[in-house]
Amino acid sequence: MAEVVARIASGVADFDRDQWDACAGNTNPFISWDFLVALERSGSVGEGTGWQPLPIVVDGPDGRIAAAAPAYGKSHSQGEYVFDHSWADAWERAGGRYYPKIQIAAPFSPVPGPRLLLRDENMAPALIAGIETLVGRNGLSSAHATFIAPEQVPLFEAAGWLIREDSQFHWTNRGYGGFADFLADLSSEKRKNIRKERARAVEGLEIVHLTGGDLTEAHWDIVWEFYQDTGARKWGQPYLTRTFFSILGETMGSQVLLILALRDGRPIAGALNLIGADTLYGRYWGCVEDIPNLHFELCYYQAIDAAIARGLHKVEAGAQGGHKLARGYAPEPTFSAHYIPNPGFRRAIADFLIAERAGVQQDRMWLAERTPFRKESGSGGA
């Protein structure tokens with residue numbers, strides 16, 4: 001068998017767009033060449049951000065990319081949504097150096113999807129080996145692939161990576177013809193609550209959906225204002241630059257859905273979504289007026305409306321958020337994979353993950369029993 005060589009570049013932009021996307025596919029926008037390069041060209045990742053692009057590819061016999069991984073050298077654990085701060089602390093208290101580490105991810109996007117981008121499925125072991133070699137040759141502590149698609153879990157397990165489990169809340173379209181059909185699946189009390197919540201949230205407001213050519217630089221100025229406001233409330237400093245949104249609109253506008261709430265024609269709140277092949281991905285929200293339940297309306301209910309209208313199967317509204325449960329979003333498992341070369345450190349993390357997984361699964365079962373769906377409908381389980 002011929003030797004397989006993995007190549008590393010200083011950015012996804014160094015690779016041919018068509019070759020990268022032939023591996024990434026067209027299902028999940030967050031691993032596309034356009035999205036990852038928008039992060040690079042806008043300065044959202046790169047020098048000074050703690051996210052140094054190090055994409056890894058393996059070429060096929062035809063000389064074209066057969067497998068790729070969106071890899072980054074990380075000098076911190078921000079913007080990942082799979083929290084390993086306690087691991088870093090333990091390793092450094094033991095005298096080790098946790099950072100830099102390798103992160104296989106769609107930066108700042110807690111969106112499940114493939115992390116091994118495979119035009120040739122047989123190249124998965126070689127790609128994983130390339131990641132491990134990068135860790136070993138540079139004396140790094142670890143590599144982490146976060147929010148991996150469930151079907152790729154066995155690929156990482158076969159390579160001996162540790163698997164971590166968590167949960168997110170996703171909405172599933174069960175063939176609904178409209179929002180009223182979705183409500184009909186809920187208990188009577190929940191239906192009434194949601195109707196009231198929606199009516200109060202939009203009182204005196206106009207809700208508009210914008211995509212593609214409807215999006216202008218003025219809209220991106222508004223999104224940036226909302227994004228900064230939310231960032232200041234949650235984590236203190238926005239990850240994305242203003243330029244990112246302009247590039248996103250220019251290169252991926254047809255996959256963007258911006259939902260705005262207008263008062264007398266002036267935007268007061270908005271939710272930014274990306275449209276995948278079968279999923280609507282809710283990403284960023286912000287407001288300049290604090291209106292009760294408007295967040296739920298724009299981020300959850302309007303997303304459901306949009307998904308039904310487009311015939312999409314799911315809405316994924318981001319990380320965390322137990323409040324999504326009452327709005328018809330049910331708990332589903334998410335996964336990450338972790339390569340820890342040091343045997344002692346690996347054993348300690350493996351023991352931690354066993355205990356953590358039991359708690360996560362128990363919590364998800366408890367939540368699944370408390371969805372707002374009518375019990376006789378058989379809907380809402382996870």
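Residues: numbered from 1 along the sequence shown.
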Compile the donor-acceptor pairs under 3.5 Å between side chains in residues 122-131 and protein atoms, sequence neighbours left out, one pair per line.
none

According to side-chain hydrogen bond (donor to acceptor under 3.5 Å, both in side chains), who are the partners of [X], at least two apart in sequence or on a separate chain?
| X | answer |
| --- | --- |
| S32 | none |
| R17 | D34 |
| S187 | none |

Could you check whether any side-chain N or O of [X] sits under 3.5 Å from a backbone N or O of [Y], counting only pairs where one atom can act as donor and the other as acceptor?
| X | Y | value |
| --- | --- | --- |
| T241 | S42 | yes |
| R7 | I65 | no |
| Y227 | L240 | yes |
| N342 | S141 | no |
| E40 | V12 | yes |
| R327 | Y301 | no |
| D62 | R64 | yes |
| N138 | L134 | yes |
| W33 | F15 | yes |

N/O donor to acceptor pairs below 3.5 angstrom from side-chain atoms of residues 247-255, sequence neighbours left out:
residue	atom	partner	partner atom	Å
T251	OG1	I247	O	2.9

message: Using the ring centroid of each side chain, check whether F156 and H338 are separated by less than 6.0 Å.
response: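 Centroid distance F156-H338: not below 6.0 Å, so no.
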
message: Holding to ring pair (Phe, Tyr, Trp, His ring centres under 6.0 Å), I want the full list of residues that pass it with F30, two or more places apart in sequence or in another chain.
response: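 Scan of F30 (ring pair (Phe, Tyr, Trp, His ring centres under 6.0 Å), adjacent residues dropped) gives F35, Y281.
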
message: Which residues pass the salt bridge (charged side-chain N to carboxylate O under 4.0 Å, His left out) test with D18, not counting sequence neighbours?
response: none

query: Mind checking what makes salt bridge (charged side-chain N to carboxylate O under 4.0 Å, His left out) contact with R164, not counting sequence neighbours?
result: E356

message: Applying side chain to side chain contact (heavy atoms under 4.5 Å, CB included) to Q168 and E332, what does each step give before you reach the verdict?
response: CA-CA 5 Å; Q168 276 188 357; E332 294 192 13; 5.8 Å; no

- prompt: E297 pairs by salt bridge (charged side-chain N to carboxylate O under 4.0 Å, His left out) with which of R195, R198, R200?
  reply: R198

- line: The single option from R174, R374, R191, K190 that satisfies salt bridge (charged side-chain N to carboxylate O under 4.0 Å, His left out) with D185 is R374

field: W366 side chain to Q362 side chain, donor-acceptor N/O pair below 3.5 angstrom
entry: no

Selection residues 256-276 - residue pairs positive for side-chain hydrogen bond (donor to acceptor under 3.5 Å, both in side chains), sequence neighbours left out: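 Found R263-E289, R266-E289.
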
query: Mind checking who shares a hydrophobic cluster with F83, ILVMFWY linked at side-chain heavy-atom distances under 4.5 Å?
result: none

message: Which residues end up grouped with Y99 if you chain together Ile, Leu, Val, Met, Phe, Trp and Tyr wherever their side-chain heavy atoms are less than 4.5 Å apart?
response: W87, W91, Y98, L162, I340, F345, I349, F352, L353

task: Determine the interplanar angle of the F296 and Y300 rings, folded into 0 to 90°, and report it as parallel if under 30°, tilted if 30 to 60°, perpendicular if over 60°.
output: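 Answer is parallel, since the angle falls under 30°.
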
message: Using side-chain heavy atoms (C-beta onward) and a distance below 4.5 Å, is V82 in contact with D166?
response: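 Not in contact.
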
message: Filter on ring pair (Phe, Tyr, Trp, His ring centres under 6.0 Å), then keep only pairs touching residues 102-129, sequence neighbours left out; what's left?
response: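 The answer is W51-F108, F108-Y239.
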
message: Salt bridge check, E217 against R242: does any charged N sit closer than 4.0 Å to a carboxylate O?
response: yes

message: Could you check whether atom CG of N26 has more than 12 heavy atoms from other residues, nucleotides or ligands sitting under 6.0 Å from it?
response: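 No, not enclosed.
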
- prompt: Given the rule in the side chain to side chain donor-acceptor pair (under 3.5 Å) test, do H209 and T211 qualify, once you have shown the distances and angles that lead to the verdict?
  reply: CA-CA 7 Å; H209 291 208; T211 191; over 6 Å; no

field: Single-linkage hydrophobic cluster L262~I222, side-chain heavy atoms < 4.5 angstrom
entry: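 Yes, same cluster.
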
query: Roughly how far apart are L312 CG and T172 OG1, rounded to 0.5 Å?
result: 12.0 Å

